[in-house]
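Quick notes on the structure that follows.
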Amino acid sequence: MHDLGTYMRGAIADYAARLRSYAEAGGVRGIPFLIDIHGTGGGSAENFPIGVSQLMESYAGRPGMISGADFYLGDLTLGNVTDLYLVNAFMDAVNDSDQPLTALEFDAGHADYGDDLSNETGRGAVGLKTRLCVAQGAKMINYYLFAGGFNPKLDKPVGDGNDRIGITGERHGFAAPVDPEGRPGVSFAPTKETAQAVRGLAAALAPMRAEYDDVMLGFVPDHYLTEYRPPDSAAVQALVDDVTGTRGFGPRGALSRAMLLGGFRYRSVNLQAGDLDPAEQPVLALATGQYLARVVQERLVRYLRAGGQLLLSGQVPDKDMTGASCAVLRDALGLTPGKTLTDANQFWLSATAHGWAAPRAEIRVPKAQLCSASRGQTVLREVSTGDGCGFDIPVGKGRAVVITTAYRCDLDFWLSAFKVLGAAPAITHSSTDAGVFMLTTKDEHGGRLLHAFNVTSGYAQSCTVSEKGKALFGGERLHLEGASAAMLPLGLVAGGLRIAYATAEITGIADGEVTFRALGGEAAVAVDGRARCEGAKSSYEGGRTILRVRRGEFTVRKG
């Protein structure tokens, strides 16, 4: 399975290169060639990195080639927001520096793909997904399918049941923002609003790059090399079952979700691409199971001994990707494995917290690999045996927190684990309900946009925001409706004004003026120097104009 998957990576890359050579021979030159990465279904992108693993050799390290996502996720919610985040993060981990994130097949529309009124995404779906891609640095988004149409009859019938160029019947694109007859559908207005919001900030967004905290999530492409499987192979099935339960996201999706909803602006690193430098990648999180390649295990040990900080979630590896015994990482951690327990047959498997993880209530867990540690601290124990399933272990100059149970997405627990490794989110907010998170992008002059998200379903939230303990937006509160997001300026130069902050979103930029859309209630805009806005309450403090406006849309002018 592994050898065939590796071979097919090369075969696909050769095929794509040959197609490109045909195009160039025909005179198509000076434009990027695009590789469309597939892999979502049923509102989930857990399997999307299979496409990255399968196709990466066709574009990574190849000038003039750009990859793009092909995803269908429906509504963006607490349950799947990290799916899209990891689609972009794992693609970025493989891309070269001159290969920006793109979405080549972005699921516009309201998702009633069968035209039978069996499905409909919410009004905020296209906006949230677009804005998350933009916040992570996407530079091109292709809404597909934007307009429906008609499938003509084939010139020569083929006897396939409809003899048309498409298999959906006479019409196609039922769920598109524009239906087959050219009429605006229910998703047209929110799609238009989203496109206008991004276009209003296009000049600011274009040169910006995403900012990140000093935390990275490990990506192991070979954990997704599972698309080709020999039939009736128990050894292959054991490997597939192991890696698909933990890869990328962590058991129960808790690791990746806790990192995002806990406030980390994190990127991903391809662990098969080379050694890690603790100075550049101070803290690494990795979800793994029983199988991990020897070269990657050895790389992690070197990283730890050189001072790296590792959070490992899942089973401690003891095999390489061929199934051969390999416990390099486990031995360096000083862990001796015991039983692996599950909550089957009315056995209510539970874990208790100790050390820095305490005090915390005992909780149910579906699975736990019990281990004993030769050094360090045990922070989680299985109730019936008292054996450890969570550890804090010094390794050389570094440190590892190893969680060998499928612990739930308890944000405080995971943030505590990162804290002992020396990592904390730089940007925090006052909301106590999960679902709000903040990302930032920055230009070369220091101008920034804070991308604020609320992925709860209909629950509005209001909060203040801080960066490294210092209040942002002058301590003003941000109002975010449920299933909504906003791009808010911080020290951004636009239209000749330097906007220190605004609790409203920019919708237009012209010479000497900037137009805003309020998020709800009173908006506050702070401009360095003199500025004015019709109907606003204005004050001038310390060389800065503070404007307070109670209108849905308004324009701030220089002078």
Side-chain angles (χ1 to χ4, degrees), residues 217-218 220 223 238-239 241-259 283-292 296-297 300-301 304 309-320 325-344 347-358 360 362-395 398-410 413-418 420-421:
L217 182 68
V220 182
H223 280 173
L239 185 151
D241 289 345
D242 178 74
V243 299
T244 55
T246 58
R247 60 187 180 187
F249 296 75
R252 305 166 76 179
L255 177 62
S256 59
R257 188 178 301 120
M259 291 172 69
V283 182
L284 172 70
L286 176 63
T288 189
Q290 191 177 6
Y291 297 81
L292 187 64
V296 178
Q297 292 194 40
L300 293 174
V301 173
L304 283 165
Q309 310 289 302
L310 173 66
L311 196 159
L312 193 70
S313 175
Q315 192 166 342
V316 182
D318 62 3
K319 290 182 172 64
D320 67 15
S325 177
C326 180
V328 173
L329 178 58
R330 189 187 72 192
D331 292 345
L333 294 168
L335 291 174
T336 302
K339 294 180 179 180
T340 295
L341 302 180
T342 68
D343 60 356
F347 179 70
W348 314 122
L349 184 64
S350 302
T352 56
H354 306 270
W356 52 255
R360 182 166 273 103
E362 172 191 309
I363 69 162
R364 285 278 314 283
V365 292
K367 186 176 182 180
Q369 180 192 30
L370 308 183
C371 299
S372 58
S374 62
R375 61 182 184 277
Q377 182 183 27
T378 299
V379 296
L380 293 175
R381 293 185 183 276
E382 191 273 323
V383 169
S384 69
T385 63
D387 290 339
C389 52
F391 309 90
D392 180 356
I393 304 168
V395 183
R399 186 174 185 176
V401 170
V402 184
I403 307 301
T404 61
T405 181
Y407 209 78
R408 65 184 174 92
C409 190
D410 177 339
F413 170 81
W414 292 103
L415 286 172
S416 295
F418 280 107
V420 302
L421 296 175

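Numbers here are sequence positions counted from 1.
Smallest separation of non-hydrogen atoms from Gly218 and Leu284: N-CD1, 3.6 Å. Listed here is the closest heavy atom pair of Pro251 and Gly314: CG-CA, 3.9 Å. Considering every non-hydrogen atom in both Phe391 and Cys371, the closest pair reads CZ-O, 3.5 Å. When all heavy atoms of Ala353 and Ala357 are compared, the closest pair comes out as CB-O, 3.6 Å. Summarising the geometry of Thr405 relative to Ala368, their closest heavy-atom pair is OG1-CB, 3.6 Å, with the distance given to 0.1 Å. Residues Trp414 and Cys409 approach most closely at NE1-CA, 4.1 Å, considering heavy atoms.
Note that the CG atom of Asp392 and the CG atom of Leu311 stand 10.0 Å from one another [nearest 0.5 Å]. Taking CD1 of Ile393 as the reference point, atom CG of Leu333 lies at 5.0 Å (rounded to 0.5 Å). Distance check: Lys367 NZ to Thr342 OG1 gives 8.0 Å after rounding to the nearest 0.5 Å. How far CG of Leu341 is from CD of Gln369: 10.5 Å, rounded to the nearest 0.5 Å. The CZ atom of Phe413 sits 4.5 Å away from atom CG of Leu380, with the distance rounded to the nearest 0.5 Å. In this structure, the separation between CZ on Phe418 and CE on Met259 is 4.0 Å, given to the nearest 0.5 Å.
Using a 4.5 Å cut-off on side-chain heavy atoms (C-beta onward), Val365 and Ile363 make contact. In this structure the side chain of Asp331 never reaches within 4.5 angstrom of the side chain of Val301, judged on heavy atoms. Annotation: side chain of Thr288 is not in contact with side chain of Val220 (no heavy-atom distance under 4.5 Å).
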Next item on the list: List the steps and the verdict of side chain to side chain contact (heavy atoms under 4.5 Å, CB included) for Val379 and Val401.
Entry: CA-CA 9 Å; Val379 296; Val401 170; 5.5 Å; no

Checklist line | Test side chain to side chain contact (heavy atoms under 4.5 Å, CB included) applied to Leu217 and Leu255, step by step | finding: CA-CA 9 Å; Leu217 182 68; Leu255 177 62; 4.0 Å; yes

Check: Can you list the steps and then say if Val395 with Leu310 is a side chain to side chain contact (heavy atoms under 4.5 Å, CB included)?
Finding: CA-CA 10 Å; Val395 183; Leu310 173 66; over 6 Å; no

Next item on the list: Kindly determine whether Lys319 and Asp242 satisfy salt bridge (Lys or Arg N to Asp or Glu O under 4.0 Å), including the steps that lead there.
Entry: CA-CA 11 Å; Lys319 290 182 172 64; Asp242 178 74; over 6 Å; no

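Listed for the Thr404 side chain is a donor-acceptor partner under 3.5 Å among the backbone atoms of Cys389. The closest donor-acceptor contact from the side chain of Arg399 to the backbone of Leu421 lies at 3.5 Å or more, if one exists at all. The closest donor-acceptor contact from the side chain of Ser350 to the backbone of Val383 lies at 3.5 Å or more, if one exists at all. Between the side chain of His354 and the main chain of Gln377, no donor-acceptor pair closer than 3.5 Å is present.
Exactly one residue among Gln290, Gln297, Arg330 makes a side-chain contact (heavy atoms from CB on, under 4.5 Å) with Pro317. That residue is Gln297.
Electrostatic pairing of Asp410 and Arg360 counts as a salt bridge here, judged by a charged N lying under 4.0 Å from a carboxylate O.
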